[in-house]
Amino acid sequence: QVQLVESGGGLVQSGGSLRLSCTASGIIFRDYDMFWERQAPGKQRELVADITSRSYTNYAESVKGRFTISRDNAKNTVYLQINSLKPEDTAVYYCRASWGPYDYWGQGTQVTVSS
């Protein structure tokens with residue numbers, strides 16, 4: 001059974017930082033490309049950052065320079081370091097694991113940024 005479990009969300013003030021974690025089980029983690037996505041109220045889900053199985057990274061323009069994605073294959077975990085948080089970063093953050101035709105999502109973790 002595949003499980004992705006996110007953690008690390010919370011309520012922070014504008015300008016603050018958070019580190020989100022997503023730990024996977026039931027997959028060969030090192031083979032999967034990993035993604036962080038977010039969905040704000042009333043908006044479509046958007047890709048925030050991704051890291052390939054070879055650790056190449058990619059970021060949405062809106063988060064470049066503030067968000068850093070990384071992975072620890074020994075811990076089956078992908079991280080999202082979020083700095084200089086803005087109110088518009090408020091959303092539910094989801095991680096996704098992708099390999100070939102297989103995609104798995106976690107349940108999400110809420111990030112709320114107060115101004």
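No experiment lies behind these values; they were computed from the predicted model shown.
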Single-linkage hydrophobic cluster Tyr59~Ile82, side-chain heavy atoms < 4.5 angstrom: yes

Pairs meeting criterion disulfide (SG to SG under 2.5 Å) with involvement of residues 26-115, two or more places apart: Cys22-Cys95

Over-ring placement of Arg71 relative to Phe29, 6.0 Å and 45° cut-offs: yes

Asp50/Arg96 ion pair, N-O < 4.0 Å: no

Val111 to Gly9 - nearest heavy-atom pair and separation: CG2-CA, 4.1 Å

Hydrophobic cluster membership, Val113 vs Val63, 4.5 Å side-chain cutoff: yes

Under 3.5 Å side-chain donor-acceptor pair for Trp105 and Glu37: yes

Heavy-atom check, side chain of Trp36 versus side chain of Leu20, under 4.5 Å: yes

Over all atoms of both residues, closest heavy-atom pair of Ser14 and Pro87: OG-CD, 3.8 Å

Side chains of Tyr94 and Arg38 in contact at under 4.5 Å (non-hydrogen atoms): no

Side-chain donor-acceptor pair present, Ser17, Asn83, cut-off under 3.5 Å: yes

Hydrophobic cluster membership, Leu4 vs Tyr102, 4.5 Å side-chain cutoff: yes

hydrophobic_cluster_shared for Trp99 and Tyr104, side chain cutoff 4.5 Å: yes

Expected output: side-chain Asp33 to main-chain Ser53 donor-acceptor under 3.5 Å: yes

Least distance between heavy atoms, Gly108 atom then Val92 atom: CA-CG1, 3.8 Å

Donor-acceptor contact below 3.5 Å, side chain Ser98 vs main chain Asp103: no

Thr112 and Gln110 side chains, donor-acceptor separation under 3.5 Å: yes

Side chains of Phe67 and Leu80 in contact at under 4.5 Å (non-hydrogen atoms): yes

Inter- and intrachain pairs under disulfide (SG to SG under 2.5 Å), touching residues 48-81, at least two apart: none

Residue pair Ile51 / Val78, side-chain heavy-atom distance below 4.5 Å: yes

Co-membership, hydrophobic cluster, residues Leu85 and Ile69, 4.5 Å side-chain: yes

Polar contact flag, side-chain donor to acceptor under 3.5 angstrom, Ser21-Thr77: no

